[in-house]
Amino acid sequence: VQLQASGGGLVQPGGSLRLSCTASGPITRDYVVGWFRLAPGKEREGVSSLRFSDRSLIYADSVKGRFTMSRDTEKKTVYLQMTSLKPEDTGLYYCAAKGRRVINSAQLNPRMYDIWGQGTQVTVSS
């Protein structure tokens, strides 16, 4: 399985972007897919994660109420709709997957994922 992320760009504070992550190869209901971001000088941070088996959806506190993760099964694509963007949301955003169950408390831990797409840059600046 390979992942392809897209949709990043430059947006003003308060603006919106939608990121997409499309998988090639077989995706089963055992998969968990997450979005992560890497900002300069910071560690990689889990943003959101969706566990396909039971649709467990988890967000980092920093993005709750602003970001929404969703899935289109037919297109094998997950989305991250980002609204009310802030400068601190700037970073390189990655999607990642794990082909087996990840417990709720670990869904935002990047170490749990072993399939990574390339990053897409999100810059929030006026």
Side-chain angles (χ1 to χ4, degrees):
V1 172
Q2 292 183 324
L3 303 175
Q4 179 77 33
S6 62
L10 172 64
V11 63
Q12 292 186 342
S16 300
L17 280 175
R18 188 178 79 159
L19 306 183
S20 301
C21 175
T22 300
S24 60
I27 298 292
T28 70
R29 68 188 308 272
D30 293 327
Y31 270 75
V32 181
V33 177
W35 285 99
F36 300 84
R37 64 187 181 189
L38 182 63
K42 295 184 178 180
E43 294 187 354
R44 189 166 43 182
E45 173 190 20
V47 174
S48 66
S49 173
L50 174 63
R51 189 168 61 207
F52 290 176
S53 60
D54 60 359
R55 301 180 185 178
S56 170
L57 185 53
I58 291 179
Y59 296 97
D61 288 343
S62 57
V63 306
K64 281 180 182 176
R66 301 187 298 120
F67 290 12
T68 303
M69 185 174 179
S70 61
R71 176 193 180 195
D72 185 323
T73 305
E74 288 189 10
K75 294 181 179 180
K76 293 198 291 185
T77 298
V78 296
Y79 302 97
L80 184 67
Q81 179 68 51
M82 306 184 294
T83 63
S84 301
L85 282 161
K86 305 174 182 180
E88 52 262 43
D89 294 318
T90 294
L92 193 57
Y93 283 69
Y94 298 87
C95 60
K98 179 73 174 180
R100 54 186 291 185
R101 181 180 174 88
V102 176
I103 61 174
N104 291 33
S105 59
Q107 278 186 246
L108 295 181
N109 183 345
R111 294 186 180 89
M112 301 304 297
Y113 296 77
D114 53 13
I115 303 169
W116 289 83
Q118 90 293 353
T120 185
Q121 178 68 35
V122 172
T123 303
V124 184
S125 175
S126 54

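Values below: every heavy atom of this structure, side chains too, minus hydrogens, waters and symmetry copies.
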Can V33 and L3 be said to form a side-chain contact (heavy atoms from CB on, under 4.5 Å), step by step? CA-CA 10 Å; V33 177; L3 303 175; 5.6 Å; no
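- Shortest non-hydrogen contact noted between P13 and S126 is CD-N, 3.7 Å.
- Of all heavy-atom pairs spanning G91 and Q121, the tightest one is O-NE2, 3.4 Å.
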Any chance you could lay out the side-chain contact (heavy atoms from CB on, under 4.5 Å) test for F67 and W35, step after step, and finish with the verdict? CA-CA 11 Å; F67 290 12; W35 285 99; over 6 Å; no
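- Note on Y113: it does not cluster hydrophobically with Y79, by side-chain heavy-atom contacts below 4.5 Å among ILVMFWY residues.
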Using the rule given for side-chain hydrogen bond (donor to acceptor under 3.5 Å, both in side chains), can you reason through T77 versus T22, listing the C-alpha separation, both sets of side-chain angles and the distance that settles it, and then say yes or no? CA-CA 4 Å; T77 298; T22 300; 2.9 Å; yes
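- Side chain of K76 to backbone of G25: a donor-acceptor contact under 3.5 angstrom is found.
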List the steps and the verdict of side-chain contact (heavy atoms from CB on, under 4.5 Å) for S48 and V63. CA-CA 8 Å; S48 66; V63 306; 5.6 Å; no
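- If you take CZ on R37 and CD on E45, they are separated by 4.0 Å, rounding to the nearest 0.5 Å.
- Take N104 and apply the side chain to side chain donor-acceptor pair (under 3.5 Å) test, not counting sequence neighbours, and it matches R51.
- Contacts of K64 classified as side-chain contact (heavy atoms from CB on, under 4.5 Å), with partners at least two apart in sequence or in another chain: Y59, D61.
- A continuous path of ILVMFWY side-chain contacts below 4.5 Å connects V11 to Y93, so both sit in one hydrophobic cluster.
- The line from CG of L50 to CG of L80 is 11.5 Å long, rounded to the nearest 0.5 Å.
- F36 and L19 are members of different hydrophobic clusters when ILVMFWY side chains are connected at heavy-atom separations under 4.5 Å.
- To the nearest 0.5 angstrom, R111 atom CZ is 8.5 Å from R44 atom CZ.
- Remark: side-chain polar atoms of T123 are not paired, donor with acceptor, to backbone N or O of T90 under 3.5 angstrom.
- The two residues S84 and S16 have their closest heavy-atom pair at N-OG, 4.4 Å.
- In this structure, Q118 CD and C95 SG are separated by 7.0 Å, a value rounded to the nearest 0.5 Å.
- At a threshold of 4.5 Å between side-chain heavy atoms, the hydrophobic network of Ile, Leu, Val, Met, Phe, Trp and Tyr places M69 and I58 in two separate groups.
- Looking at R101 and D30, no side-chain N of the basic residue comes within less than 4.0 Å of a carboxylate O on the acidic one, giving no salt bridge.
- Of the inter-residue distances, the one linking R18 atom CZ with S70 atom OG reads 7.0 Å to the nearest 0.5 angstrom.
- L57 contributes atom CG, which lies 8.0 Å from atom OG of S49 (distance to the nearest 0.5 angstrom).
- By the rule that hydrophobic residues join a cluster once side-chain heavy atoms approach within less than 4.5 Å of another member, V1 and V32 end up as members of separate clusters.
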Can you check side-chain contact (heavy atoms from CB on, under 4.5 Å) on M82 and R66, steps first, answer last? CA-CA 6 Å; M82 306 184 294; R66 301 187 298 120; over 6 Å; no
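- Within 6.0 Å of the CD atom in Q2, the count of heavy atoms belonging to other residues, nucleotides or ligands does not exceed 12.
- Relative orientation of the Y94 and W116 rings is perpendicular, given thresholds of 30° and 60° on the angle between their planes.
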